[in-house]
**Student:** 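Here it is, the structure in full.
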Amino acid sequence: MYQRSCVWLRRDLRVLDNPALFDACQTSEAVVAVYVIPAAQWQEHHKSAIQADLIRRTLQHLQQELAQLNIELVVLQADSFDDQVALLSQCVNTWQIDGLFVSREYEVDEVARDKRLVQTLNDDIAIQWYDERCVIKPNAIVNGSGQPYKVFTPFSKAWLKQLQESGWQCLAKPQMLSGLMSDVDSSCLPLCSLKADDWPYPIDDSSAYAADGKTVLAQLRAFSAERAERYQADRDFPAIDGTSILSPYLAIGSLSAKQCLARLCHDHGAPWELADGARTWLTELIWREFYQHVMVAWPHVCKDKAFKPDYEDIPWANDEQLFQAWCRGETGYPLVDAAMRQLNETGWMHNRLRMIVASFLCKDLLIDWRWGERYFMTKLVDGDFAANNGGWQWAASTGTDAAPYFRIFNPETQSKRFDGQGRFIQQYLPQLQGVDTKLIHQASAGGHYLPAVVDHKERRQMCLALYQQSLNKEAG
DNA sequence: TGCACCTTGTG
DNA sequence: ACAAGGTGC
């Protein structure tokens, strides 16, 4: 039993199914929670202002929810990860903490920070670590040779098998503690207000996304009950509201993957016998796990490296003008531009469109996938390193289970297939309303739109040459 | 080891 | 149909 415990919240901003919080409450007389904003580190990791704002609003709600459990949530401000460690150490000492409860983060910098924390706190207090970001924790799934999987399909089969064997459970809301830790002295600490005006990071309004746990959960329930069945049929069409848009909450941890799985099974049955619609959505959840596992097994992907070393030295053209055109949604390819406008305007982009604009950046504009990866992080409300990096490396053919390099999306074909009526295009490019559907998918919309910055057929040939040149060089 | 598999494209 | 690749059983 601990007298005075501290829960360090990071990407587990929820009261339900939070093992660190749950255990702290079960084993302690009194509990205090702390969140430390590392503003400079966020900049360095290209965290979007909109995601930071969603965190800010989520913390406001969490503060109230925790107060009902007799837990104070103290929000502090640091610059770097080193400052974060120093602050935590200061909290532990000044608050006379004897138990620290933390959920793991798996990125290289985060792991290094946590290692420093362990060294700093030394043997002063016990730290309890929890794995909650994945349903099945990283390193726990290996292939027949005892190695982590590099290919998704066998990974997902092994994942399901393991789930069936070991089972899983969601944790309930912790029981209210008998009293508040009343003497938490924060007077010497860099307290941070959760008001937008005082927030130590650029503000980008995130109010289109839910910040309170109840609403997030209601969204999960509504999706599972009303739309999961149609997910497989609807998910590829950006004009249809076919996806769950729960990714922002999974990214900041106001929702856990286990909660998603539990709700899906509650409505649709066991994971291994789901009907097509729900099964396809579960598959997307497993993709998320897959990329987390890949990042842990091959941490060099965290250091700006291609997963496949052979693909490290592709001589990208990296034309700044073309990159700007892509960022702004001014390439002249209607669906690509509409997609980029969705990202810029809402902080979110449909996954089909993420694949299309990523393929276009790498294989039509011949720009380094890392430029796109970075831009996505600065804009996405659901930015998550592993998922974003995995997706970009997939598109660039440099990653695990990637599309072969000669597989190059044809923007016009994709547009016809997944936005046949041009409804999505017209939503974000209203100037194309009224343009014939025979023309709307074409580069420059058959003359009704901006001139195309490149010619797909020509660039496709250049792309193949670029990759081949680079690969032959490696082989020789 | 050979073969299926892969968020697809071109001829 | 076939394909400029790579993985896993």
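Letters A, B, ... are given to chains in the order of the sequence lines, protein chains preceding strands, and every chain is numbered from 1. As the structure is a computational prediction, the values presented were derived from the model and not from experiment.
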**Student:** Output a table of nitrogen or oxygen pairs between the protein and nucleotides 6-9 of chain C separated by less than 3.5 Å.
**Tutor:**
unit_1: dG8(C); atom_1: OP1; unit_2: Lys150(A); atom_2: N; d: 2.7
unit_1: dC9(C); atom_1: OP1; unit_2: Tyr149(A); atom_2: OH; d: 2.8
unit_1: dC9(C); atom_1: OP2; unit_2: Gly144(A); atom_2: N; d: 3.2

**Student:** Flag the pair Arg221(A) and Asp267(A) as a salt bridge only when some basic side-chain nitrogen lies within less than 4.0 angstrom of an acidic carboxylate oxygen.
**Tutor:**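 No, no charged N to carboxylate O under 4.0 Å.
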**Student:** Give the residues of residues 298-306 of chain A touching DNA chain B, defined as any heavy atom closer than 4.0 Å, sorted by residue number.
**Tutor:**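 Contacting residues: none.
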**Student:** By side-chain contact (heavy atoms from CB on, under 4.5 Å), which residues pair with Val118(A), not counting sequence neighbours?
**Tutor:**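 With sequence neighbours excluded, Val118(A) shows a side-chain contact (heavy atoms from CB on, under 4.5 Å) to Ile127(A), Trp129(A), given in chain and number order.
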**Student:** Please enumerate all residues that pass side-chain contact (heavy atoms from CB on, under 4.5 Å) together with Gln119(A), with sequence neighbours excluded.
**Tutor:**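 Applying side-chain contact (heavy atoms from CB on, under 4.5 Å) to Gln119(A) gives Lys115(A), Arg116(A).
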**Student:** Under 4.0 Å, counting only non-hydrogen atoms across every strand here, what does Asn351(A) touch: a base, just sugar-phosphate, or nothing?
**Tutor:**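 Result for Asn351(A) = base.
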**Student:** Strictly below 4.0 Å, N to O, side chains only: are Asp17(A) and Lys258(A) in salt-bridge contact?
**Tutor:**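 Lys258(A) and Asp17(A): not salt-bridged.
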**Student:** On the ring face of Tyr467(A), is Lys363(A) found with NZ or CZ under 6.0 Å from the centre and within 45° of the axis?
**Tutor:**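 Lys363(A) over Tyr467(A) ring: yes.
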**Student:** Please report the distance, rounded to the nearest Å, between OH in Tyr405(A) and P in dA4(C).
**Tutor:**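 So the two atoms are 8 Å apart, to the nearest Å.
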**Student:** Are there runs of at least three consecutive Watson-Crick or G-U pairs touching DNA chain C, with each pair's two distances under 3.5 angstrom? Give them by first number.
**Tutor:**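 Counting only runs of 3 or more consecutive pairs, the stems involving DNA chain C are B:2-6 with C:5-9, B:8-10 with C:1-3.
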**Student:** Indicate every side-chain donor-acceptor pair of residues 158-171 of chain A with a distance under 3.5 Å to a residue at least two apart or in another chain.
**Tutor:**
unit_1: Trp159(A); atom_1: NE1; unit_2: Glu289(A); atom_2: OE1; d: 2.9
unit_1: Gln162(A); atom_1: NE2; unit_2: Ala140(A); atom_2: O; d: 2.9
unit_1: Ser166(A); atom_1: OG; unit_2: Gln162(A); atom_2: O; d: 2.7

**Student:** What is the separation between atom CG on Leu464(A) and atom P on dG5(C), rounded to the nearest whole Å?
**Tutor:**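 For the pair Leu464(A) CG and dG5(C) P, the rounded distance is 11 Å.
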**Student:** Might you list the N or O atoms of the protein lying below 3.5 Å from N or O atoms in nucleotides 9-11 of chain B, with each pair's distance?
**Tutor:**
unit_1: dG9(B); atom_1: OP1; unit_2: Asn410(A); atom_2: N; d: 3.2
unit_1: dG9(B); atom_1: OP1; unit_2: Gln414(A); atom_2: NE2; d: 2.9
unit_1: dG9(B); atom_1: OP2; unit_2: Arg417(A); atom_2: NH1; d: 3.2
unit_1: dG9(B); atom_1: OP2; unit_2: Arg417(A); atom_2: NH2; d: 3.3
unit_1: dT10(B); atom_1: OP2; unit_2: Asn410(A); atom_2: ND2; d: 3.0

**Student:** Salt bridge or not between Arg10(A) and Asp114(A)? Use side-chain N to carboxylate O under 4.0 Å.
**Tutor:**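 Asp114(A) and Arg10(A): salt-bridged.
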**Student:** Once side chain to side chain donor-acceptor pair (under 3.5 Å) is applied, do any residues pair with Ser444(A), and if so which ones, sequence neighbours excluded?
**Tutor:**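 Result, side chain to side chain donor-acceptor pair (under 3.5 Å) vs Ser444(A): none returned.
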**Student:** For Asp368(A), which residues count as a side-chain contact (heavy atoms from CB on, under 4.5 Å) partner, sequence neighbours excluded?
**Tutor:**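 Scan of Asp368(A) (side-chain contact (heavy atoms from CB on, under 4.5 Å), adjacent residues dropped) gives Trp316(A), Asn318(A), Arg370(A), Trp371(A).
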**Student:** For Ser415(A), what residues pass the side chain to side chain donor-acceptor pair (under 3.5 Å) criterion, not counting sequence neighbours?
**Tutor:**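 In terms of side chain to side chain donor-acceptor pair (under 3.5 Å), with neighbours along the sequence ignored, Ser415(A) is linked to His441(A).
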**Student:** Syn or anti: how is dA4(B) classified when any glycosidic angle within 90° of 0 counts as syn?
**Tutor:**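 It is anti.
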**Student:** Is there any salt bridge (charged side-chain N to carboxylate O under 4.0 Å, His left out) pair reaching into residues 385-405 of chain A, and which pairs are they, with sequence neighbours excluded?
**Tutor:**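 Counting only pairs at least two positions apart or across chains, no salt bridge (charged side-chain N to carboxylate O under 4.0 Å, His left out) contact touches residues 385-405 of chain A.
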**Student:** Please determine whether a side-chain nitrogen of the Lys or Arg among Arg133(A) and Asp12(A) lies less than 4.0 Å from a carboxylate oxygen of the Asp or Glu.
**Tutor:**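 Salt bridge flag = no for Asp12(A) with Arg133(A).
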**Student:** Would you mind writing out the side-chain donor-acceptor pairs for residues 423-433 of chain A within the sub-3.5 Å range, not counting sequence neighbours?
**Tutor:**
unit_1: Arg423(A); atom_1: NH2; unit_2: Ala239(A); atom_2: O; d: 3.3
unit_1: Gln426(A); atom_1: NE2; unit_2: Leu432(A); atom_2: O; d: 3.2

**Student:** Given the C1' atoms of dT1(B) and dA4(C), what is the spacing between them in whole Å?
**Tutor:**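 Here dT1(B) and dA4(C) have their C1' atoms 23 Å from each other.
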